[in-house]
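This report refers to the structure that appears directly beneath it.
Every value quoted in this text rests on a predicted model; they were computed, and no experiment measured them. Any value given below was found using the heavy atoms of this structure, including those in side chains, with hydrogens, waters and symmetry copies removed.
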Amino acid sequence: MERVPLESSCVRSAGYDAAGRRLEVEYTGGSVYHYLAVPAEEYAGLLAAESHGTYLNREIKGRYAYRRVSPSR
């Protein structure tokens with residue numbers, strides 16, 4: 001999945017698989033997570049957010065199932 005670089009103190013990049021409705025987030029520490037069954041509108045909201053970290057904390061975390069796919073470096 002191709003990720004878009006983000007200017008954030010906690011999120012390095014994010015990508016989205018529309019067919020699988022999967023949001024992929026790479027955090028600045030190097031960990032990569034998949035958030036599952038995420039609507040495309042949420043991904044668009046993340047990209048447009050003034051603070052990507054705040055958006056993730058308010059709109060994504062705790063609302064969607066997730067799995068860690070890569071540990072931090």
Side-chain angles (χ1 to χ4, degrees):
M1 172 183 316
E2 187 174 329
R3 292 191 301 258
V4 175
L6 299 176
E7 291 187 29
S8 170
S9 62
C10 63
V11 181
R12 183 175 293 152
S13 62
Y16 187 70
D17 170 28
R21 293 177 33 138
R22 187 179 70 220
L23 172 65
E24 183 173 277
V25 176
E26 178 188 17
Y27 291 92
T28 55
S31 296
V32 176
Y33 285 80
H34 285 170
Y35 294 90
L36 311 174
V38 176
E41 296 80 24
E42 292 283 28
Y43 177 58
L46 173 63
L47 296 183
E50 186 174 319
S51 170
H52 306 295
T54 298
Y55 189 90
L56 271 170
N57 287 327
R58 287 187 183 164
E59 305 297 332
I60 306 296
K61 289 182 177 181
R63 291 186 174 193
Y64 300 98
Y66 68 91
R67 62 185 167 107
R68 186 176 187 168
V69 294
S70 168
S72 59
R73 296 178 204 173

Close side-chain approach of P5 and R12, heavy atoms under 4.5 Å: no

S70 OG to H34 NE2 distance, which is reported to the nearest 0.5 Å: 9.5 Å

Value rounded to 0.5 Å, distance of CG in L23 from OH in Y33: 13.5 Å

Contacts of type side-chain hydrogen bond (donor to acceptor under 3.5 Å, both in side chains), residue S51, not counting sequence neighbours: T54

Co-members of M1 in a cluster of I, L, V, M, F, W and Y side chains, linked at under 4.5 Å: none

Partners meeting side-chain hydrogen bond (donor to acceptor under 3.5 Å, both in side chains) with Y55 (sequence neighbours left out): E42

Check: L46 main-chain N/O paired with H52 side-chain donor or acceptor under 3.5 Å: yes

Any residue meeting side-chain hydrogen bond (donor to acceptor under 3.5 Å, both in side chains) with Y35, in chain and number order, not counting sequence neighbours: Y27

Side chain to side chain contact (heavy atoms under 4.5 Å, CB included) between R22 and L36, worked out: CA-CA 5 Å; R22 187 179 70 220; L36 311 174; 4.0 Å; yes

By salt bridge (charged side-chain N to carboxylate O under 4.0 Å, His left out) - contacts of R3 (at least two apart): E24, E26

Side chain to side chain contact (heavy atoms under 4.5 Å, CB included) assessment of V25 paired with L56: CA-CA 9 Å; V25 176; L56 271 170; 3.9 Å; yes

Listed once per pair and sorted, the salt bridge (charged side-chain N to carboxylate O under 4.0 Å, His left out) pairs that draw on residues 43-61, sequence neighbours left out: E59-R63

